[in-house]
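The block underneath contains the structure these notes are about, expressed in structure tokens.
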Amino acid sequence: MTAELVRGQNHPLSQARLEIRVSAGTPIVAGATLGDEQGRIHGVEWVAHPGAPTLPGLEVSRQAAADHRLAVDLDAMPEAVHRVSVLLALPTGVGGPTRFGAIATPFVAVTGLDGTEVASYTITGLEAESAVVALELYRRQGAWKVRAIGQGYAGGLADLLTDQGLTQAHQLAGGINEAVAQGMARSVPAPPRTDGDRSRQTAAPALGPDQGGPAPQGAPGPVPPQPTSPYGTQTPGGPGQSAAQPDSYDIQAPGVAGQSAPQPPYQGGTGATDPAEPSAPTSGGPIDYSHPRRQNAAPPPPPPTGPPAQPGQPAQPVAGDATGWSMDERLYNQVWGMFEDLARTTSAYRSAVDFAESRMEKELDQVLSDPRSRIGGQGDAAREAAQAKHAQLVNQARATLDRDIVQLTAEAEVVEPALPPAYARWDNPVWHGYRVPMEIPMALRLGDLHLPESAQLRIPMLVRLPLERGLWIDSGRGGSLDGSFTDSHDLRRLAMETAVAHAARLLAVYPAGEFTVHVIDPAGSGAQPLAPLVQTGVLAAPPALGAAGVAEVLARLTQRVDLVQMAVRGGAPDSLPPGFDTSEQLLIVNDFPHGFDDRAVNQLRYLADEGPAVGVHLMMVADREEAAGYGPLLDPLWRSLLRLTPVPDDHLADPWVGHAWTYEPSLVPLGSQVLQQVLTQVAAARAKYQ
């Protein structure tokens with residue numbers, strides 16, 4: 001079965017001789033770099049490209065093309081090579097597209113020599129970037145794996161190679177572009193893919209630059225004039241580059257058939273009925289939600305059931321108006337469509353304001369540069385005229401934004417009550433009719449997202465299930481946006497309550513016996529917030545206390561990861577020991593690093609890196625500053641986790657349009673008994689299952 005990866009997800013490789021197939025719908029350059037344990041390139045001889053297509057164990061295409069096949073022999077790789085990064089780039093200086101946002105979403109597949117797919121990845125979230133690291137094959141503990149990367153660079157090949165440590169990056173990039181230009185005439189673009197689409201019925205898509213509308217925008221940083229729609233995300237970075245930042249975390253785009261679904265959010269799964277994925281938006285027109293590999297398009301959205309719209313008025317919003325095979329899938333796609341629409345219209349507003357300000361400054365500079373205009377009323381008149389134009393442009397942009405926000409708010413008011421428990425807030429009445437589900441939902445709500453321009457409009461933050469990476473609940477004062485939480489004890493308590501709410505939701509949306517929660521609370525400081533989990537009996541065992549408890553739980557879970565990995569590598573998943581718990585596992589760690597020695601820290605990093613692929617997930621409640629004593633050793637751990645906060649914080653980055661979304665956790669209303677009621681049902685179902 002093919003593993004359809006999302007950004008950051010890995011998959012073991014059982015074969016040494018492989019092909020990497022690339023499809024982009026337009027001529028692109030495909031190459032590969034060899035890296036050491038740190039991913040650094042030692043020289044130009046470690047790069048396979050059209051000018052030098054062959055390296056030991058590796059051969060790439062000699063020219064730009066719409067489709068590529070790269071040959072890889074992992075057994076032939078030199079011992080010093082620990083990573084093989086597959087890179088894609090748009091040819092320069094040949095009159096073609098200059099950014100990935102203007103072409104079909106690239107699709108990459110790792111196959112055996114017989115063409116059987118091992119893993120695939122659809123690279124969503126690209127816009128202004130002209131080069132991208134698509135996949136990496138990496139060696140770990142003597143075995144090879146593939147990981148979906150999707151890290152883009154607006155600066156092209158030169159920036160990509162520089163980021164991997166190549167000192168001659170600019171010279172090599174120029175040589176590659178020259179070699180490609182010489183062979184460009186032999187490249188024949190493939191016809192564009194047309195696998196169906198999904199058009200939003202509630203908010204019209206922004207027009208592209210050729211249609212009088214805004215142009216697309218790239219990663220965080222200065223916002224280019226007139227951007228269009230967002231969505232897809234990668235780790236935040238500078239303009240067009242997704243270099244990871246320790247305290248900013250990305251939103252994943254909506255996932256389908258295992259694709260990146262931010263983020264935030266926006267994760268995982270390979271079911272045959274997963275929804276179709278949004279390709280990167282091109283300039284204008286409806287957003288294409290088709291998956292490049294889906295042969296049978298998903299059913300169209302159902303017809304609106306509300307009253308018909310009046311002439312000149314937007315259509316009345318309807319819950320579940322998106323494409324999908326089920327109502328849950330349609331609601332999931334609709335929520336992320338709302339996210340896209342809000343990001344797009346806000347981005348267009350911000351870009352219009354920036355344009356108005358730059359235009360006013362330019363006009364004032366022109367007036368003031370002429371000494372004659374400074375005398376008398378001529379200068380004052382010019383200044384007033386420039387300010388009037390500025391106000392007119394800003395007011396027009398704000399009116400458009402307000403119109404879209406009104407429509408999205410009306411849609412949110414319709415969608416929110418219709419959400420199933422996995423997507424609903426804790427105050428939604430749907431929880432009062434809760435029953436333990438029979439199957440795992442597509443996604444889970446971790447909170448809400450909003451922007452300053454529309455502070456009252458909340459978009460649910462949904463992440464795909466199973467979780468693709470662990471969660472970090474920030475208990476430090478840095479997690480308080482307004483600084484109102486100066487009492488570290490109160491903030492830690494609230495962080496633990498947030499973790500319990502997330503864990504309870506995970507337990508509630510999984511079928512009985514398919515999700516197990518473990519808790520490490522070395523000092524016992526989380527006893528009060530943990531009470532709902534302990535008293536209802538939904539935990540696998542009482543919270544582990546002290547250094548001995550930490551060591552015992554970590555040893556058990558790391559052994560579980562090792563056993564499952566060995567079974568998967570050996571192609572015998574049924575060979576696990578009798579009575580082996582095959583359910584998804586969640587480990588909650590409170591007050592890290594209290595009670596952790598160096599061995600325990602290494603085990604925790606191992607679980608964060610290797611656990612999600614085999615069903616072991618991590619949720620840490622910690623203050624990063626308190627762990628600073630371990631130095632940079634823990635930086636990879638923090639970066640691998642999705643940082644959430646117990647209070648509103650604008651730390652979730654959307655590189656597509658440069659927004660910093662404010663995240664608000666999904667907490668149980670004060671005085672509500674819904675958490676205890678839900679967990680009591682979960683515990684009863686668990687007891688029957690056992």
Side-chain angles (χ1 to χ4, degrees), residues 6 8-9 233 249-256 258-271 274-275 324 326-336 338-339 415-416 418-428 430-431 434-449 458-473 498-512 514-517 533 538 583-588 611-612 615-619 641-645 652 663-668 674-675 678-679 682:
V6 302
Q9 189 176 14
T233 55
Y249 292 84
D250 59 317
I251 305 174
Q252 299 274 357
V256 294
Q259 119 276 345
S260 172
Q263 257 109 62
Y266 183 94
Q267 296 187 350
T270 57
D274 278 354
S326 66
M327 177 55 76
D328 286 2
E329 185 176 317
R330 294 199 296 269
L331 287 168
Y332 173 82
N333 283 340
Q334 185 174 12
V335 165
W336 284 107
M338 293 163 59
F339 178 95
V415 169
E416 187 68 47
L419 295 176
Y423 305 172
R425 290 195 297 253
W426 283 110
D427 60 358
N428 192 312
V430 71
W431 285 106
Y434 168 78
R435 295 292 182 270
V436 177
M438 300 298 293
E439 58 183 21
I440 302 173
M442 286 180 54
L444 182 84
R445 186 175 191 157
L446 290 181
D448 294 323
L449 301 170
R458 301 295 196 267
I459 305 295
M461 175 181 166
L462 304 180
V463 296
R464 287 298 300 270
L465 291 178
L467 295 174
E468 292 177 357
R469 57 174 172 165
L471 306 177
W472 162 27
I473 314 300
T498 303
V500 169
H502 291 323
R505 183 181 290 266
L506 281 163
L507 283 164
V509 303
Y510 271 80
E514 294 192 21
F515 199 84
T516 303
V517 177
L533 299 178
V538 294
S583 65
E584 298 279 316
Q585 309 282 309
L586 175 69
L587 173 61
I588 302 176
V616 177
H617 312 284
L618 185 63
M619 183 187 295
L641 303 174
L642 174 62
R643 175 186 166 224
L644 303 176
T645 63
L652 289 175
Y663 164 79
E664 291 186 13
S666 180
L667 299 177
V668 179
V674 65
L675 193 67
V678 168
L679 290 178
V682 170

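Because only heavy atoms are used, hydrogens play no part in the values below, and waters and symmetry mates are left out as well, while side chains stay in.
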When rounded to the nearest 0.5 angstrom, what distance separates CG in L506 from CG in L586?
6.0 Å

Are any non-hydrogen side-chain atoms of R505 and H502 less than 4.5 angstrom apart?
no

Kindly compute the distance separating CZ (R445) from CH2 (W426), expressed to the nearest 0.5 Å.
12.0 Å

Of all residues at least two apart in sequence or in a different chain, which pass the ring pair (Phe, Tyr, Trp, His ring centres under 6.0 Å) check with F515?
Y510

Should R469 and L641 count as side-chain neighbours, where that means a heavy-atom distance under 4.5 Å?
no

Tell me every residue that passes side chain to side chain contact (heavy atoms under 4.5 Å, CB included) with A512, counting only those two or more places apart in sequence or in another chain.
V436, A685, Y689

For A422 and A443, the nearest pair of non-hydrogen atoms, with its separation, is CB-O, 3.5 Å

M619 side chain near I473 side chain, heavy-atom distance below 4.5 Å:
yes

Under a 4.5 Å cut-off applied to non-hydrogen side-chain atoms, are W431 and P421 in contact?
yes

Consider only side-chain N and O atoms of E584 and H617, and report whether a donor and an acceptor are under 3.5 Å apart.
yes

Looking at S583, is its backbone amide N or carbonyl O close enough to the side chain of Q585 to form a donor-acceptor pair, meaning the two atoms are under 3.5 Å apart?
yes

Distance from Y423 atom OH to L331 atom CG, nearest 0.5 Å?
7.5 Å

Rounded to the nearest 0.5 Å, how far does CE of M438 lie from CD of E514?
9.5 Å

With a 4.5 Å limit on heavy-atom distance, are the side chains of L419 and V430 in contact?
no

Any non-hydrogen side-chain atom of L465 less than 4.5 Å from a side-chain atom of V509?
yes

Over all heavy atoms of both residues, which pair between I588 and A503 is shortest? Give the atoms and the distance, please.
CD1-CB, 3.7 Å

Could you give me the CA-CA distance, side-chain angles and deciding distance for L507 and L533, then say whether side-chain contact (heavy atoms from CB on, under 4.5 Å) is met?
CA-CA 10 Å; L507 283 164; L533 299 178; 4.2 Å; yes

Can you list the residues that meet the side chain to side chain contact (heavy atoms under 4.5 Å, CB included) rule with L667, with sequence neighbours excluded?
L494, T498, P665

Could you please spell out the steps behind the side-chain contact (heavy atoms from CB on, under 4.5 Å) verdict for V517 and L587?
CA-CA 6 Å; V517 177; L587 173 61; over 6 Å; no

Go through the steps to decide whether V415 and V335 satisfy the test side-chain contact (heavy atoms from CB on, under 4.5 Å), and finish with yes or no.
CA-CA 8 Å; V415 169; V335 165; 4.2 Å; yes

Are side-chain heavy atoms of V668 and V500 found at a separation under 4.5 Å?
no

L652 side, atom CG; L642 side, atom CG - distance, nearest 0.5 Å:
6.5 Å

Measuring from atom CZ of R330 to atom CG of D328, what distance do you get when rounded to the nearest 0.5 angstrom?
9.5 Å

Indicate yes or no: at least one non-hydrogen side-chain atom of L444 is less than 4.5 angstrom from one of L462.
no

